[in-house]
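Each remark here refers to the structure printed beneath this line.
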Amino acid sequence: MTEFSKTVYNMVKDIRCGQTMTYAEVARAVGKPRAYRAVGNALNKNHDPSVPCQRVVRSDGHIGGYNRGAGLKEKLLREEDAI
DNA sequence: GAGCTGACATGTT
DNA sequence: CAACATGCCAGCT
């Protein structure tokens, strides 16, 4: 756990229901616009359900990945009308 | 014009 | 040192 990852989790938690953010946006929010990869890794290793990592998507509009299956991620986003 | 792949850059685990 | 849930660009189909 680093300050960076903690900040990332905090940002993701702060995302409103139905609102999504890209890895690049989160990375920029924490002050490291080039840490988009680190953001994905941090979320990937994080297994805390308190962190709605499904709200974090690619800048291309693609879903990306999810700890419990990318398909589930897309499903969750549809359920909350975020996509 | 749209979609895919490969290569390079960046930061954490 | 190697891997990775990305991003941007170049080249191909």
Side-chain angles (χ1 to χ4, degrees):
Chain A
M1 283 287 272
T2 63
E3 294 301 314
F4 171 78
S5 59
K6 288 203 302 193
T7 311
V8 171
Y9 300 147
N10 191 43
M11 287 290 173
V12 176
K13 282 180 185 179
D14 200 50
I15 301 177
R16 298 261 209 161
C17 187
Q19 182 84 42
T20 54
M21 285 218 137
T22 66
Y23 295 98
E25 287 291 290
V26 176
R28 187 187 292 182
V30 302
K32 297 188 174 205
R34 300 173 222 235
Y36 31 69
R37 224 152 172 196
V39 172
N41 257 341
L43 294 174
N44 172 239
K45 291 199 168 178
N46 174 50
H47 289 261
D48 196 323
S50 303
V51 182
C53 20
Q54 72 256 25
R55 306 240 174 97
V56 186
V57 296
R58 276 185 154 226
S59 55
D60 308 83
H62 287 240
I63 295 302
Y66 196 56
N67 265 339
R68 328 251 306 250
L72 180 61
K73 179 176 180 177
E74 189 178 321
K75 186 178 180 180
L76 287 169
L77 288 172
R78 291 192 190 197
E79 292 287 308
E80 60 183 80
D81 199 45
I83 194 162

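Below, chains carry the letters A, B, ... as their sequence lines are ordered, and counting in each starts from 1.
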Rounded to whole Å, the CZ-P distance (A:R37 to B:dA7) equals 14 Å

Could you check whether A:D60 gets within reach of a base, just the sugar-phosphate, or nothing at all, counting any heavy atom under 4.0 Å? sugar-phosphate

To the nearest angstrom, the NZ-P distance between A:K73 and C:dA5 comes to 11 Å

message = OP1 or OP2 of C:dC8 versus the side-chain N and O atoms of A:S59: is any pair under 4.0 Å?
response = yes

A:M11 CE to B:dT12 C1', in whole Å, measures 17 Å

Query - N or O in side chain of A:S5 less than 4.0 angstrom from B:dT13 OP1/OP2 - result: yes

Atom OH of A:Y36 and atom P of B:dC8 are separated, to the nearest Å, by 15 Å

Between CD1 of A:I63 and C1' of C:dG7 the distance, given in whole Å, is 17 Å

A:N44 has its side chain closest, among C:dG7, C:dA5, B:dT12, to C:dA5

- Message: Regarding A:K75 and A:E79, does a basic nitrogen lie under 4.0 Å from an acidic carboxylate oxygen?
- Response: no

Whole-Å distance, A:H62 NE2 to B:dC4 C1', equals 10 Å

Between A:V12 and the options A:V39, A:L43, A:T7, the side-chain contact (heavy atoms from CB on, under 4.5 Å) test singles out A:L43

Atom NZ of A:K32 and atom C1' of C:dG7 are separated, to the nearest Å, by 18 Å

With the side chain defined as heavy atoms from C-beta on, A:Y23 is closest, among B:dT12, C:dA5, C:dG7, to C:dA5

Tightest non-hydrogen contact, residues A:R55 and A:R16, listed as NH1-O, 3.6 Å

Re B:dC4: Watson-Crick or G-U wobble partner, both distances kept under 3.5 Å, found to be C:dG11

Among the nucleotides B:dT12, C:dC8, B:dG11, whichever has the atom closest to the side chain of A:A35 is B:dG11

Using Watson-Crick geometry (N1-N3 plus N6-O4 or O6-N4) or G-U wobble (N1-O2, O6-N3), each under 3.5 Å, B:dG11 is paired with C:dC4

Closest non-hydrogen atoms of A:S5 and A:A42, given as atom of the first, atom of the second and distance, are CB-CB, 4.1 Å

Closest non-hydrogen atoms of A:V56 and A:T22, given as atom of the first, atom of the second and distance, are CG1-C, 4.1 Å

At less than 4.0 Å, is any side-chain N or O atom of A:T22 found next to OP1 or OP2 of C:dT6? Yes or no. no

Rounded to whole Å, the CG-P distance (A:N46 to C:dA5) equals 14 Å

Taking C:dT6, C:dA5, B:dT13 as options, the one with an atom nearest any side-chain atom of A:R58 is C:dT6

Closest to the side chain of A:A24, out of C:dA5, B:dT13, C:dG7, is C:dG7

